[in-house]
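Notes follow once the structure below has been shown.
Chain letters run A, B, ... following the sequence lines, proteins first and then strands; every chain starts at 1.
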Amino acid sequence: MEKIKTIRGVRDICYPRSSVWDKIEKICSSVLEGYAYRRIHIPVIEFTSLFSRSIGEETDIVSKEMYAFKDRKGRDIALRPEGTAGVVRAVIENNLLQGSSREKLYYSGPMFRYERPQEGRYRQFYQIGCEVFGSRQPETDAETAAAALEIARKCGAGGLDLRVNSVGCDECRPPYRRKVADFLAENSGELCEDCMRRKDTNTLRVLDCKKNKCRSVFKNIPVLKESLCSPCAEYYSDYRSLLEALGCSFTEDTGLVRGLDYYTGPVFELEADKGGVIAAGGRYDGLVKKLGGPDIPACGWAFGLERLESASDITASRLPAVYIMLMPGGDAGLCRSAAAALRKSGVSVEENYEDISPGKKLKDADRKGAGWALFVGEEETVKGFYSLKNLMTGEQRKVPGDELEKVSREFACE
RNA sequence: GUGGGUGUAGCUCAGGGGUUAGAGCACCUGGUUGUGGCCCAGGAGGCCGCCGGUUCAAAUCCGGUCACCCACCCCA
């Protein structure tokens with residue numbers, strides 16, 4: 001029979017990676033719950049229109065990267081390409097903003113984009129994100145960025161670079177976009193191929209071009225920061241001061257433009273020395289209203305789990321930490337009670353009652369990376385002790401049955 | 001969507017028209033049925049990614065296709 005394989009750009013997450021992911025997710029939720037974000041679980045499938053309306057019809061994500069299809073009744077359905085749209089929909093649909101002026105939510109799970117896979121990029125990928133609704137204060141923007149930074153640090157990410165910018169609001173961005181378009185039209189002869197295309201499809205993206213040729217042309221391009229309306233400029237300036245006050249060092253990047261249409265005001269990208277851009281987000285004040293809700297401001301961000309993993313230095317848990325093996329003439333009941341006692345102390349335990357040689361069991365323990373082996377054979381059963389062997393050093397000692405829980409803290413289980 | 005690279009054992013890779021396709025590591029068995037790693041002896045494991053073409057003969061040459069990797073585009 002022919003083997004069935006995974007489809008392109010998706011993969012199984014097996015141990016030890018699965019264990020690392022669990023730890024990262026735990027770090028994320030504990031940091032976010034420290035900021036009083038509450039978890040929300042939203043569907044993986046939604047009406048396609050949710051995404052086209054929020055992310056933008058003309059964006060790459062919607063126009064060519066969505067897994068979109070018709071269901072059995074002919075409705076247009078899509079696998080979510082990102083999390084924010086669904087959370088906003090859920091907030092509106094569940095009236096989460098009634099009575100309370102603010103709501104802080106976080107989510108995690110798989111997202112889907114039909115892209116060509118490469119390093120740190122998959123067709124099914126995982127994001128962990130958060131959203132704050134009902135606050136239009138720079139403190140909130142700064143706080144969310146600070147939380148992202150805290151998560152990255154707690155995951156051991158190195159070489160962090162928080163880059164910030166403001167993309168302006170509906171008042172100041174359209175005029176600015178026209179200024180840039182005019183500038184590009186005047187200098188079109190000197191642009192690279194990509195920028196020629198971008199100037200029509202995604203005008204502000206040209207600011208992000210890395211080619212030297214374009215960079216030198218862009219030395220005189222209008223800068224968004226100088227075109228911001230005064231409320232936006234003031235907001236952005238407060239935001240930066242607050243980041244400083246929170247001890248978040250950052251760099252300003254006037255070329256930083258998000259690819260999703262809904263952003264307004266401050267945006268950021270968090271880059272690490274490994275994993276590239278591991279998180280990004282910003283303010284999106286018009287989106288709730290645009291999706292049929294009240295006119296409520298909001299901001300948020302998302303981490304790419306695969307990228308956060310690359311940046312992190314987290315290692316997998318030892319599973320098992322202790323490997324209990326029944327030996328000839330031993331009492332299985334003693335194995336079971338030892339296992340129960342250790343598990344009660346939070347230790348990961350595997351028991352092996354197979355009728356095979358101790359050497360094989362030990363080899364299995366070794367291969368699984370267990371830190372300790374615990375033997376129960378005839379002598380242990382008769383005299384009432386456990387033989388405990390440190391598999392890293394090879395040392396072995398006798399532990400009285402009632403002292404097992406006492407030594408359990410030695411079994412590093414993290 | 002564009003460009004480049006690579007597909008041979010579980011893994012990393014050699015071989016480049018001509019008999020039974022190799023190595024290292026990993027795996028299995030035994031030496032050692034109360035002790036893993038080291039050592040020794042033996043063993044198993046491949047339609048040489050897939051389809052087609054050229055040829056007396058293809059893992060090897062040609063075409064196509066699929067997959068993976070890298071970069072671009074774009075994005076987390």
Over all strands shown, is [X] touching base, sugar-phosphate only, or nothing at heavy-atom distances under 4.0 angstrom?
{"X": "A:Glu379", "answer": "base"}
{"X": "A:Arg205", "answer": "sugar-phosphate"}
{"X": "A:Gly329", "answer": "nothing"}
{"X": "A:Gly9", "answer": "sugar-phosphate"}
{"X": "A:Glu309", "answer": "nothing"}
{"X": "A:Glu119", "answer": "sugar-phosphate"}
{"X": "A:Gly120", "answer": "base"}
{"X": "A:Gln396", "answer": "base"}
{"X": "A:Gly359", "answer": "sugar-phosphate"}
{"X": "A:Lys64", "answer": "nothing"}
{"X": "A:Ile278", "answer": "sugar-phosphate"}
{"X": "A:Arg197", "answer": "sugar-phosphate"}
{"X": "A:Tyr126", "answer": "nothing"}
{"X": "A:Ala279", "answer": "sugar-phosphate"}

Between the side chains of [X] and [Y], does any donor sit under 3.5 Å from an acceptor?
{"X": "A:Tyr235", "Y": "A:Asp141", "answer": "yes"}
{"X": "A:Tyr284", "Y": "A:Glu131", "answer": "yes"}
{"X": "A:Asp161", "Y": "A:Thr251", "answer": "yes"}

Ion pair check, A:Arg163 and A:Glu271, cut-off under 4.0 Å =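 Answer for the salt bridge query: yes.
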
ask   = So, A:Arg80 and A:Glu46, do they make that salt bridge, N to O below 4.0 Å?
value =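 No, A:Arg80 and A:Glu46 are not salt-bridged.
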
inquiry  = Strictly distance-based, threshold 3.5 Å: is any side-chain N or O of A:Ser345 a donor or acceptor partner for the main-chain N or O of A:Val347?
reply    =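 Between the backbone of A:Val347 and the side chain of A:Ser345 there is no qualifying donor-acceptor contact (under 3.5 Å).
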
ask   = Taking for each residue the nucleotide of RNA chain B with the nearest heavy atom, is it A:Pro117 or A:Ser357 whose nucleotide lies nearer the 5' end?
value =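 Result of the comparison: A:Ser357.
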
key: Closest-nucleotide 5' rank along RNA chain B - winner of A:Val10 and A:Asp364   =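 The residue mapped nearer the 5' terminus is A:Asp364.
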
Pairwise [atom1] distance for [N] and [M], with rounding to whole Å:
{"N": "B:rU54", "M": "B:rG64", "atom1": "C1'", "result": "15 Å"}
{"N": "B:rU12", "M": "B:rG53", "atom1": "P", "result": "32 Å"}
{"N": "B:rG49", "M": "B:rG37", "atom1": "P", "result": "35 Å"}
{"N": "B:rA14", "M": "B:rA57", "atom1": "C1'", "result": "24 Å"}
{"N": "B:rG45", "M": "B:rG22", "atom1": "P", "result": "14 Å"}
{"N": "B:rG5", "M": "B:rG46", "atom1": "C1'", "result": "24 Å"}
{"N": "B:rC61", "M": "B:rG17", "atom1": "P", "result": "7 Å"}
{"N": "B:rC47", "M": "B:rA21", "atom1": "P", "result": "12 Å"}

query = Given the rule in the side-chain hydrogen bond (donor to acceptor under 3.5 Å, both in side chains) test, do A:Tyr67 and A:Glu65 qualify, once you have shown the distances and angles that lead to the verdict?
reply = CA-CA 7 Å; A:Tyr67 278 93; A:Glu65 293 176 359; over 6 Å; no

inquiry  = Using a 3.5 Å limit on both distances, find every run of at least three consecutive Watson-Crick or G-U pairs that involves RNA chain B.
reply    =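 RNA chain B stems, ordered by first number: B:1-7 with B:66-72, B:10-13 with B:22-25, B:27-31 with B:39-43, B:49-53 with B:61-65.
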
ask   = Centroid-to-centroid, A:Tyr37 to A:Tyr106, below 6.0 Å?
value =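 Aromatic pair excluded; centres sit 6.0 Å or further apart.
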
request  = For atom CG of A:Asp71, decide whether the heavy atoms of other residues, nucleotides or ligands shown that lie under 6.0 angstrom number more than 12.
outcome  =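 For A:Asp71, atom CG is crowded (more than 12 foreign heavy atoms under 6.0 Å).
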
inquiry  = I'd like the 5' and 3' limits of the part of RNA chain B contacted by chain A, with heavy-atom contacts below 4.0 Å.
reply    =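 Answer, 5' to 3': B:rG1 to B:rA76.
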
ask   = Can you check whether A:Gln396 reaches A:Leu388 side chain to side chain, under 4.5 Å on heavy atoms?
value =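 Counting from C-beta outward, A:Gln396 and A:Leu388 never come under 4.5 Å.
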
ask   = If every non-hydrogen atom of A:Ser108 is compared with every non-hydrogen atom of A:Ile128, which pair is closest and at what distance?
value =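 Answer, listing the atom of A:Ser108 first, then A:Ile128: CB-CG1, 3.6 Å.
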
